[in-house]
K.L.:
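One structure coming up, written as structure tokens, with questions to follow.
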Amino acid sequence: MAQKPSIPKGTRDFSPVETARRNYIFDTIREVFRLYGFMPIETPAMENLSTLMGKYGEEGDKLLFKILNSGDYLAKADRALIEAGDTGRLAAQLCEKGLRYDLTVPFARYVVQHRNDLQFPFKRFQIQPVWRADRPQKGRYREFYQCDADVVGSDSLLNEIELLQLIDEVFSRLDIRIAIKVNNRKVLAGIAEIIGHPDKIIDITVAIDKLDKIGIENVNAEFAERGLTADAIERLQPILAISGSTDDRLSALSTLLVDSEVGMKGVEELYTVLHGTRALGLRADLDLDVSLARGLNYYTGTIIEVKALDVVIGSITGGGRYDNLTGVFGMPGISGVGISFGADRIYDVLTALDLFPEETAKATTVMFANLGHDEAVVAMRSLKEMRAAGIAAEIYPDEAKMKKQMSWADSRSIPYVAIIGESELAEGKLTLKNMATGEQLLVDTTGAINVILNK
RNA sequence: GUGAGUUUAGCUCAGUUGGUUAGAGCGUCGGAUUGUGGUUCCGAAGGUCGUGGGUUCGACCCCCACACCUCACCCCA
């Protein structure tokens, strides 16, 4: 055999069954988005690099896929940069486009660009692939789908409450048990303020975020590494040690953060969101988690993260409020809040728990065996009637051996096989075989349709 | 970007100190069964052993480089 063809690392092909199962996820999410009043939009796979650069932090910039300019791009490039091996600045000259890294930043760009055509508050959803030049590993791909819903132009915490409900609805429908963790960036800012390091909020949150994973000792070590004074670390300890019920922790927080205006605002928001959501009844576990930080630096208020309870994988949904995302595109003062479902990880969870409905594995409902030209002509008429009745039906295109046709139907999990041969032809009927039971009936097309639809 | 492990048939994997013609199971195809699948039996096809170099009389096996995949870190969905 020649060299085996392959696809880029971190990308995947999807078989018919996999595609059907992915569509089941997308359809479920899309349906719930619509129920909550979100409207679909789409944006291009590629954006101008200037739109993307600098929005995801230094790490994010490195993970952007850049698209080489067309034409004789090298002629315009600075030779000195090539000599100097300055990949970064050379890339800036050779590439003016990049693949989108998420859906939120392109959406911010969309809002600013179309601001005169939008009615605010503007609620949109978007289900499209994004690309990251990450090194792939478990639950991490270089091409994956995000399913985002965002509200822009509304400061109301009702949005947060509705988004939490929406998350609960989606995972209830998918039958995945989840824990939703909520925090507020303002609380984190308050903490940074209280310990005298308001400038270190990012360092503090990144370290706190690892609390579950590496433990308090290592987190403290990381604080020191990130330049916090021993005194500040000392003052962090009571905050990290907060425990008890949600309300216990909220009141402990408000005691500790009493001198921070922003911190107190955060506590208040958390209270409203948590109580407002719980009052509506929720299937999922919903709880406050002060150690929840999330990487994206643009969140300014509520932060939401969802993890599956029964499978170990990264977060399967995340989101939060960002007060000024459109600001970098020259449109300040517009607040947004949104969530993003990670469809590919949800797929992995459903696969691990074997939770896909059976229908997702099914091809057509009826296959007509092909026993010859005259028989096929009659079968085609029967097929037409079945399809008109809403039954997915097909005919085996080649005049192959019965055995081959039957095993083809079997391997595709087709529940019924219709046989029209010499004797059926003479009687104007067909033999309908139920593949699960092996039972065979001699009926006309209408009779077959009734059998299939009634089952 | 950092570190570790892997790579032999379509898939999952054996392969002895380095010694003729590299094996198994599953899958595929054919037959037992010319109008009946999923079970059984018989048979067949399918491999430049990831790529390139080196050591050796001789390399799937030892050495070097590269690639790929996987896992973890960083970061993230």
Side-chain angles (χ1 to χ4, degrees), chain A residues 1-12 25 29 56-64 87-88 100-104 127-148 202 205-207 209-210 213-214 218 222 293-297 299 304-308 312-320 338-349 367 369-372 375 396 399-425 430-440 442:
Chain A
M1 201 191 347
Q3 182 91 32
K4 270 187 219 168
S6 62
I7 55 176
K9 70 166 117 178
T11 65
R12 296 150 298 159
I25 296 171
I29 294 172
Y56 309 103
E58 219 173 296
E59 285 293 319
D61 282 354
K62 279 192 262 174
L63 298 180
L64 286 171
T87 311
R100 66 170 165 249
Y101 179 90
D102 71 357
L103 299 178
T104 308
I127 297 178
Q128 292 192 275
V130 303
W131 294 268
R132 297 184 188 178
D134 225 347
R135 195 175 287 204
Q137 54 180 282
K138 191 185 174 77
R140 177 180 295 183
Y141 309 100
R142 293 185 131 185
E143 178 185 63
F144 61 97
Y145 270 73
Q146 290 191 327
C147 312
D148 277 28
I202 301 217
T205 54
V206 167
D209 195 36
K210 296 178 187 167
K213 210 167 183 176
I214 63 177
N218 294 318
E222 186 157 340
R294 295 191 55 76
L296 295 179
N297 298 328
Y299 290 124
I304 299 165
E305 182 170 85
V306 178
K307 287 202 166 171
V312 179
I313 196 166
S315 70
I316 52 178
T317 290
I339 50 167
S340 178
F341 290 88
D344 299 84
R345 285 186 179 173
I346 292 171
Y347 183 94
D348 291 343
V349 170
M367 185 203 82
N370 185 338
L371 299 180
E375 290 86 346
Y396 193 88
E399 205 180 304
K401 284 185 181 164
M402 186 67 123
K403 178 188 167 73
K404 186 174 170 70
Q405 301 193 36
M406 292 298 285
S407 60
W408 188 80
D410 183 61
S411 66
R412 296 184 67 206
S413 308
I414 295 174
Y416 293 97
V417 171
I419 300 160
I420 298 180
E422 211 175 320
S423 59
E424 288 88 353
L425 203 56
L430 57 85
T431 296
L432 185 70
K433 172 162 183 159
N434 180 324
M435 294 294 277
T437 63
E439 184 189 5
Q440 298 197 171
L442 186 65

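Note on naming: letters A, B, ... go to the chains in the order of the sequence lines (proteins, then strands), and numbering restarts at 1 for each one.
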K.L.:
Which part of the nucleic acid, if any, lies within reach of A/Ser407 when heavy atoms closer than 4.0 Å are counted: base, sugar-phosphate only, or nothing?
P.N.:
sugar-phosphate
K.L.:
Which nucleotide, if any, forms a Watson-Crick or G-U wobble pair with B/U17, using both distances under 3.5 Å?
P.N.:
none
K.L.:
May I have the distance from A/Ile414 (atom CD1) to B/G38 (atom C1'), rounded to whole angstrom?
P.N.:
14 Å
K.L.:
Answer with base, sugar-phosphate or nothing: what part of the nucleic acid does A/Ser423 contact at a heavy-atom distance below 4.0 Å?
P.N.:
base
K.L.:
Under the criterion of centre distance below 5.5 Å and interplanar angle below 30°, is A/Phe144 classified as stacked on the base of B/A77?
P.N.:
yes
K.L.:
Please measure how far the C1' atom in B/A59 lies from the corresponding atom in B/G18, and state the result in whole Å.
P.N.:
7 Å
K.L.:
Classify the nucleic acid contact of A/Lys210 as base, sugar-phosphate or nothing, counting any heavy atom under 4.0 Å across all strands shown.
P.N.:
sugar-phosphate
K.L.:
Once you apply the 3.5 Å cut-off to both distances, tell me the Watson-Crick or G-U wobble partner of B/G25, or none.
P.N.:
B/C11
K.L.:
Please report the distance separating the P of B/G3 from the corresponding atom of B/A65, rounded so that it comes out in whole Å.
P.N.:
14 Å
K.L.:
When you look at CD of A/Gln137, are more than 12 heavy atoms from neighbouring residues, nucleotides or ligands closer to it than 6.0 Å?
P.N.:
yes
K.L.:
List the steps, then state whether side chain to side chain contact (heavy atoms under 4.5 Å, CB included) holds for A/Leu103 with A/Val130.
P.N.:
CA-CA 7 Å; A/Leu103 299 178; A/Val130 303; 3.8 Å; yes
K.L.:
What is the distance, to the nearest angstrom, from the CG atom on A/Asn218 to the P atom on B/C73?
P.N.:
13 Å
K.L.:
For A/Met435 and A/Ala409, work out which heavy atoms get closest and say how close.
P.N.:
CE-CB, 4.4 Å
K.L.:
Can you tell me the distance, in whole Å, between the CH2 atom of A/Trp408 and the P atom of B/G35?
P.N.:
19 Å
K.L.:
Do A/Arg135 and B/C73 have a side chain to base donor-acceptor pair shorter than 3.5 Å?
P.N.:
no
K.L.:
Taking the P atom of each, how far is B/G52 from B/A67, in whole Å?
P.N.:
15 Å
K.L.:
Determine whether a donor-acceptor pair (N or O, by modelled atom type, separation under 3.5 Å) exists between the side chain of A/Arg135 and the backbone of A/Gly10.
P.N.:
no
K.L.:
Classify the nucleic acid contact of A/Val130 as base, sugar-phosphate or nothing, counting any heavy atom under 4.0 Å across all strands shown.
P.N.:
nothing
K.L.:
Check the distance between B/U36's P and A/Gln405's CD and give it to me in whole angstrom.
P.N.:
12 Å
K.L.:
Check whether any side-chain N or O of A/Lys433 sits under 4.0 Å from OP1 or OP2 of B/G35, and answer yes or no.
P.N.:
no
K.L.:
Tell me which of A/Ser340 and A/Met402 sits closer to the 5' end of RNA chain B, going by the nucleotide each one is nearest to.
P.N.:
A/Met402
K.L.:
Which of parallel (below 30°), tilted (30 to 60°) and perpendicular (above 60°) describes A/Tyr56 and A/Tyr101?
P.N.:
tilted
K.L.:
Start at the 5' end of RNA chain B and walk down; is the nucleotide closest to A/Glu424 or to A/Lys138 reached first?
P.N.:
A/Glu424
K.L.:
Is the side chain of A/Arg345 donor-acceptor paired with the backbone N or O of A/Gly139 at a distance under 3.5 Å, no angle test?
P.N.:
yes
K.L.:
Go through the side-chain N and O atoms of A/Thr11 and A/Glu143 and say whether any donor and acceptor fall under 3.5 Å apart.
P.N.:
no
K.L.:
How is A/Gly60 classified with respect to the nucleic acid when contacts are heavy atoms under 4.0 Å: base, sugar-phosphate, or nothing?
P.N.:
nothing
K.L.:
Indicate, with a heavy-atom threshold strictly under 4.0 Å, whether A/Ile419 touches base, sugar-phosphate, or nothing.
P.N.:
base
K.L.:
For B/U51 and B/U7, measure between their P atoms and round to the nearest Å.
P.N.:
14 Å
K.L.:
Distance check, C1' atoms only: B/C60 and B/G38, in whole angstrom units.
P.N.:
38 Å
K.L.:
What interatomic distance, in whole Å, is found between P of B/U16 and the corresponding atom of B/U6?
P.N.:
15 Å
K.L.:
Counting only side-chain N and O atoms of A/Lys9, is one of them less than 4.0 Å from OP1 or OP2 of B/A67?
P.N.:
no
K.L.:
Mind listing the closest non-hydrogen atom pair of A/Asp134 and A/Leu63 along with its distance?
P.N.:
OD1-CD2, 3.8 Å
K.L.:
B/U36 pairs with which nucleotide, Watson-Crick or G-U wobble, both distances below 3.5 Å?
P.N.:
none
K.L.:
Could you check which nucleotide pairs with B/C62 in any of the strands shown, counting Watson-Crick or G-U wobble with both distances under 3.5 Å?
P.N.:
B/G54
K.L.:
Could you check how far CD of A/Glu143 sits from C1' of B/A77, rounded to whole Å?
P.N.:
14 Å
K.L.:
Any N or O donor-acceptor pair under 3.5 Å from the base of B/G38 to the side chain of A/Asp410?
P.N.:
no
K.L.:
Take the protein atom CD1 of A/Ile304 and the nucleotide atom C1' of B/A77, then report the distance between them rounded to whole Å.
P.N.:
15 Å
K.L.:
Side-chain N or O of A/Lys403 less than 4.0 angstrom from OP1 or OP2 on B/G31?
P.N.:
no
K.L.:
Looking at B/C75, B/U36, B/A77, which one has an atom nearest to any side-chain atom of A/Thr431?
P.N.:
B/U36
K.L.:
Taking A/Tyr145's backbone N and O only, do any of them form a donor-acceptor pair with A/Asp344's side chain (distance below 3.5 Å, no angle check)?
P.N.:
yes
K.L.:
What is the nucleic acid contact for A/Gln137, judged by heavy atoms within less than 4.0 Å: base, sugar-phosphate only, or nothing?
P.N.:
base
K.L.:
Would you mind reading off the distance between A/Met406 atom CE and B/U39 atom P, rounded to a whole angstrom?
P.N.:
14 Å
K.L.:
What integer distance in Å separates A/Lys307:NZ from B/C76:C1'?
P.N.:
11 Å
K.L.:
Identify which nucleotide among B/G35, B/C75, B/G31 has an atom closest to any side-chain atom of A/Lys401, counting heavy atoms from C-beta outward.
P.N.:
B/G31
K.L.:
I'd like the P distance from B/G27 over to B/C11, given in whole Å.
P.N.:
15 Å
K.L.:
Using the C1' atom as the reference point in each nucleotide, state the distance between B/C49 and B/C61 in Å, no decimals.
P.N.:
10 Å
K.L.:
Have a look at A/Gly421 and say if it touches a base, only the backbone sugar-phosphate, or nothing, with a 4.0 Å heavy-atom cut-off.
P.N.:
base
K.L.:
Suppose we call a contact any N or O donor and acceptor under 3.5 Å apart; does that hold for the side chain of A/Gln440 and the base of B/G35?
P.N.:
no
K.L.:
What does A/Ala418 touch in the nucleic acid at a heavy-atom separation under 4.0 angstrom: a base, only the sugar-phosphate, or nothing?
P.N.:
nothing
K.L.:
Just to be sure I understand the rule, does A/Tyr141 reach a base, reach only the sugar-phosphate, or reach nothing, if contact means heavy atoms closer than 4.0 Å?
P.N.:
base
K.L.:
Do the side chain of A/Arg140 and the base of B/C75 come within less than 3.5 angstrom through a donor-acceptor pair of N or O atoms?
P.N.:
yes
